[in-house]
Structure formats: structure tokens, C-alpha cells
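For reference, the structure is listed below as C-alpha cells.
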Amino acid sequence: MEDFEPKILVFACNWCSYAGADLAGTSRLQYAPNVRIVRVMCSGMVNPAMILYAFRKGFDGVVVAGCHPGDCHYNVGNYYAKKRIVLLKEMLDFIGFESDRLKLLWASAAEGKKFAEEMTNFTERIRKLGPQTKFRG
Amino acid sequence: MDTETEKIVRNRVAELLNEDVEAFVVFVRKETEPRERITVIKGPEEAEKVALSPLSVNNTARVLLEVVNNFDGKVGVVAKGCDSKAIKGLISEGKIEREKIHIIGISCPGIVDYRKLIAFSPEDVIFEDGKLIIKPGDKEIPLEEVIHDNCRYCRSPSPVIYDEIYGKAREPFDGTDDDEIEKLPADERWKYWIDVFEKCIRCYACRSACPMCYCTECLVDPVNLAISPMSTAEEKAAYPRFLGKTVTPADNLFYHLIRVFHHAGRCADCGECERACPMDIPLRKLERKLQKEIKEIFGYEDEDIPFLAKLDIIPEGR
């Protein structure tokens with residue numbers, strides 16, 4: 001358990017969060033190297049099946065990062081994302097899976113610092129939860 | 001759904017088939033055993049076959065959706081409470097035109113679970129004011145004893161959409177579904193669901209029977225896409241393959257979670273998935289939980305706009 005390094009998948013939206021992550025990088029902010037980022041065009045395109053698939057493939061935590069409410073490049077994509085994630089978390093709780101392993105994050109293109117901090121915090125949280133073995137196939 | 005209602009419906013079906021209705025989706029009694037199936041009749045002379053009883057278990061919306069476009073004129077349908085909910089959903093999603101169908105609504109006293117009835121090895125069953133009389137032997141059993149579990153949670157025994165309505169409905173279930181599973185600690189919940197879905201053979205009968213599962217391409221269908229170096233990213237992206245052929249409990253749970261998720265706010269509560277399931281898995285528990293959360297978080301219940309198309313602003317902190 002001591003040498004457990006969590007694997008975390010981040011779906012970052014092209015317009016805000018990915019740019020935020022980019023800013024974190026260009027500002028040379030240190031954040032957990034456990035994070036793998038997948039760029040998606042909008043957080044609203046993240047299908048719940050994609051999140052479960054990530055868990056199935058062995059990721060310990062999944063973050064869906066999108067624009068702040070009202071800032072979506074496609075106007076309402078992030079509202080749909082939130083709707084889905086809120087429901088998915090409830091259902092994951094119901095089946096007994098730790099819903100803390102899934103996180104919805106609003107991060108704008110200017111919030112490189114926030115992105116880096118959130119990633120570090122989330123990694124620590126997952127480290128405490130331990131490896132995800134329930135869905136891993 | 002006693003013999004009285006059956007007679008009225010039979011007459012009305014014959015009358016309507018003489019008028020402008022071209023075909024009717026109805027229940028008929030099987031000849032070999034006391035069960036009913038759904039069929040499509042096209043002439044008034046066939047109307048005498050029409051049956052209606054608590055054995056009319058299946059959801060007519062599914063058959064209606066399949067046949068409605070084969071006819072130019074109107075198609076009639078006999079619909080119980082849950083069937084009408086499915087039809088309403090299909091209309092609001094643009095799959096069926098309201099003008100093209102004529103709905104005979106049936107207020108439903110609840111339907112029989114055939115798996116419970118079979119214990120009495122019936123050759124024939126007659127229904128009389130809330131009781132079943134089993135032949136041979138004239139044994140009387142109350143409907144409540146063999147009622148489908150799903151009907152106990154029925155919130156709309158009376159049709160929500162209809163052109164004419166007959167019959168007497170049961171008391172709608174009101175109140176929260178206090179599921180004992182929710183009270184268990186997380187690890188035991190997981191164990192419960194893994195035990196349950198260990199049985200699943202992924203025959204996809206739940207998907208085939210569901211009136212709301214009408215996609216021509218399903219997320220879990222195997223796709224035979226040969227990926228070569230020449231395959232474009234678009235091609236590969238159009239055929240994501242989330243689930244393989246493995247039937248591990250976690251994969252089954254994955255499939256059922258996604259299936260339930262696709263019914264968010266659309267489920268007609270007919271319990272067709274549970275009836276179709278050859279392994280007796282309590283699939284409706286997941287649907288009911290999702291429905292409850294949708295009601296609690298979004299306050300959405302049986303509205304005219306499909307749930308997924310509605311834009312909700314959820315307050316921060318959830």
C-alpha cells in the first residue's frame with residue numbers, strides 16, 4: 001500500500017480546463033504527476049460510459065473538468081455534464097462504489113493555480129482511498 | 001380488468017376497426033396455456049379473440065412502436081397505465097405521432113406474475129372481482145398473492161394518455177421507496193449487487209423487451225470494425241467499444257448502470273425488463289433508485305419535456 005501511486009484520468013474541456021492545465025504547466029506550477037489528461041471538446045460530451053470505462057480499465061480516480069457555469073463555449077454543455085455526474089455519483093453510491101473517486105471540477109483558462117491545487121488535493125484523497133479494485137476488469 | 005371490461009373492450013375494438021382504425025394492438029389468450037400475448041389484428045372479425053385480464057402482462061407500447069409505421073391509417077392500442085406512460089414518452093420523443101394512434105386506456109388493478117402463478121399449475125384461470133379462480137379445482141386466490149412485484153410500486157395504474165378509458169384501477173403507490181439496500185454499508189451494497197449481477201448472462205433480453213430502448217445501434221452491441229492503419233480517427237470514434245464479451249459481475253454491473261442511465265426520467269415503470277430476465281434479477285431496483293434521485297434532485301416527475309432535454313441549473317454544493 002505504501003508505494004501505491006494512484007492513476008487519475010482527467011477529462012478536460014478544450015476551452016477552459018485544458019487551457020487551465022496548460023497555464024499550470026507554462027507557469028511551472030508543481031502538481032501531482034499521477035494525472036493523465038484527455039482533452040475533450042466539452043465536458044458535456046463525457047458519456048457516463050466513458051467514466052465507467054476508465055474505472056474498468058483500472059483508473060483510481062476520474063475528474064471531469066469543464067468551464068464555470070455560464071462560461072461554456074457551447075452555452076450549456078457543462079450544465080448537462082453536471083446533471084449526468086450528479087446522477088452518476090448517486091448511482092455509484094447506491095451500488096456501493098466510492099463516489100468520491102469521481103469529481104466534477106470547474107476550472108477556467110485563467111485558473112492554472114486552482115487546477116494544480118485541485119489535482120494535488122484529489123490525488124491525496126485517492127491515495128487515502130487506496131487502489132480501485134471494484135470495477136477493474 | 002374483469003370479464004366485464006374485457007367484453008366492453010372487445011366490442012369497442014370491433015367498432016373502431018369498422019370505423020377509421022386500420023389495425024389494433026391487442027392481447028389474445030394463448031391456446032396452450034393460460035397466458036396472453038400481444039398481437040396485431042386487422043379486421044373486426046378478429047376482434048372476438050381479444051382478451052383482457054391480469055394476465056395481459058406485456059407492454060403494448062413496444063409492439064405499437066414496431067408496427068405503427070407499417071400502416072397508413074390509424075393504429076389502435078389497448079394500454080394499461082404503464083403502457084400509456086411508455087406511449088406518452090415515445091410521443092414526446094417523436095417516435096409515434098399522436099394523431100396516428102387511438103388509445104383504449106385500461107385502469108389496471110395490477111397484473112399477475114406468471115412465475116408465481118405457475119406454482120398453482122393452472123390449466124385455465126378466470127378472473128372475478130379481484131380474485132383468480134384456478135381451473136381445475138376451482139381454487140380461489142386473491143390477485144394480491146400473485147401480483148407482479150413491480151405493481152406494488154406502481155404510481156400510475158390509470159392511463160396518463162388515452163382516447164377512452166375503462167376499468168377500475170388499484171390504489172396508486174404513494175410515498176418513498178424505502179429500499180433496505182440503501183441502509184446497508186457501502187461494502188455490503190457492493191457485495192449485494194455483485195452477487196445479483198453474477199447471475200446475469202448478458203442476453204440483453206431486458207434491452208429487447210424495454211419499450212424505451214429503441215436505438216438501432218446500442219452502446220454494448222459488438223461492432224465488427226476492422227481497424228487498419230488506414231482507419232481514420234472519425235471512424236474509430238464512431239464505434240467506441242465500451243464492453244467486450246466478458247461476463248464478469250463488474251462488467252454486468254457496468255452494462256446495467258449504463259442501461260439504467262439511458263432511461264433516466266424516461267422509464268415507464270412497466271417492469272418488462274424484470275419479466276424478460278431469465279435469471280430473475282431485480283433490475284427495477286436500479287431504475288427506481290434513479291427515478292427517486294431524479295425526483296429529489298431535479299424535482300422532475302412525468303413532465304412533457306423529456307428529462308434529458310431539459311436544462312436544469314443545479315445549485316453549487318451538490
Side-chain angles (χ1 to χ4, degrees), chain A residues 11 38-41 43-59 62 66 68-72 74-106 129-130 132-137, chain B residues 179 181-182 184-194 196-197 218-220 237 240-244 246-262 264-265 285-294 296-298 300 307-318:
Chain A
F11 291 104
V38 172
R39 180 165 63 158
V40 292
M41 285 312 279
S43 53
M45 70 153 279
V46 180
N47 188 330
M50 288 157 82
I51 295 165
L52 293 179
Y53 187 70
F55 285 132
R56 191 172 159 265
K57 284 285 167 186
F59 276 100
V62 175
H68 281 275
D71 289 353
C72 182
Y74 308 101
N75 296 340
V76 290
N78 49 1
Y79 292 117
Y80 286 121
K82 180 153 189 184
K83 203 166 163 174
R84 277 179 210 141
I85 305 271
V86 165
L87 276 181
L88 184 60
K89 279 181 97 131
E90 291 293 340
M91 289 312 278
L92 286 177
D93 255 341
F94 182 59
I95 60 163
F97 185 84
E98 305 91 350
S99 66
D100 282 354
R101 292 187 187 276
L102 173 60
K103 186 183 166 67
L104 180 67
L105 169 72
W106 300 143
L129 280 173
Q132 185 272 120
T133 51
K134 285 181 173 169
F135 265 116
R136 179 177 253 152
Chain B
D179 226 329
I181 302 167
E182 278 175 52
L184 296 173
D187 281 342
E188 279 176 43
R189 281 204 299 272
W190 178 261
K191 205 177 155 296
Y192 171 84
W193 284 113
I194 286 297
V196 159
F197 285 116
C218 183
L219 190 77
V220 295
R241 184 163 184 177
F242 291 107
L243 270 177
T246 49
V247 263
T248 62
D251 281 4
N252 296 341
L253 189 49
F254 182 125
Y255 158 65
H256 285 286
L257 266 185
I258 294 303
R259 188 183 62 82
V260 166
F261 234 82
H262 285 187
K285 273 190 180 156
L286 281 175
E287 303 260 12
R288 275 203 296 272
K289 166 72 180 171
L290 186 65
Q291 214 162 33
K292 189 175 135 197
E293 292 304 332
I294 286 172
E296 265 172 30
I297 302 172
F298 304 95
Y300 179 95
F307 170 73
L308 295 170
K310 211 180 148 202
L311 196 62
D312 292 278
I313 315 280
I314 313 155
E316 285 295 324
R318 264 221 82 103

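Every chain is numbered from 1 and lettered A, B, ... according to where its sequence line falls, protein lines coming before strand lines. Fair warning: this is a prediction, and the values are worked out from it, not measured in the lab.
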Reported CZ-to-CG distance for the pair B:R189 and A:D93, which is rounded to 0.5 angstrom:
6.0 Å

Answer yes or no: is there a donor N or O on one side and an acceptor on the other, between the side chain of A:R56 and the main chain of B:D251, under 3.5 Å?
no

Under the 6.0 Å and 45° cation-pi test, does B:K285 pair with A:F94?
no

Apply the test side chain to side chain contact (heavy atoms under 4.5 Å, CB included) to residues B:F242 and A:M50: give CA-CA distance (whole Å), side-chain angles for both, the deciding distance (0.1 Å), then the verdict.
CA-CA 7 Å; B:F242 291 107; A:M50 288 157 82; 3.7 Å; yes

Considering only heavy atoms, which portion of B:F307 lies under 4.5 Å from any heavy atom of chain A: side chain, backbone, both, or neither?
both

A:P48 and B:I258 have their tightest heavy-atom pair at C-CD1, 4.0 Å

Kindly assign one of parallel, tilted or perpendicular to the pair B:F254 and A:Y53, based on the angle between their ring planes and the thresholds 30° and 60°.
perpendicular

If one checks every heavy atom of B:F298 against chain A at 4.5 Å, the contacting part turns out to be side chain

Under 4.5 Å to a heavy atom of chain A? For B:W193 that would be side chain

Using a cut-off of under 4.5 Å for heavy-atom pairs, which of A:V76, A:L104, A:N47, A:L87 has the most such pairs with chain B?
A:L87

Checking B:L290 against chain A: side chain, backbone, both or neither under 4.5 Å from a heavy atom?
both

Stepwise, does the side chain to side chain contact (heavy atoms under 4.5 Å, CB included) test hold for B:E293 with A:V86?
CA-CA 10 Å; B:E293 292 304 332; A:V86 165; over 6 Å; no

Identify which part of B:L184 has an atom lying under 4.5 Å from any heavy atom of chain A, answering side chain, backbone, both or neither.
neither

Could you please spell out the steps behind the side chain to side chain contact (heavy atoms under 4.5 Å, CB included) verdict for A:L52 and B:F261?
CA-CA 12 Å; A:L52 293 179; B:F261 234 82; over 6 Å; no

Tell me, with the steps shown, if A:I95 and B:Y192 meet side chain to side chain contact (heavy atoms under 4.5 Å, CB included).
CA-CA 8 Å; A:I95 60 163; B:Y192 171 84; over 6 Å; no

Contact origin within B:K191 toward chain A - heavy atom pairs under 4.5 Å
neither

OG1 of B:T248 to CZ of A:R136: how many Å apart, nearest 0.5 Å?
13.5 Å

B:V260 versus chain A, heavy atoms under 4.5 Å apart: side chain, backbone, both or neither?
side chain

Look only at the side chain of B:K289 and the backbone of A:E90, and say whether a donor-acceptor pair between them is shorter than 3.5 Å.
no

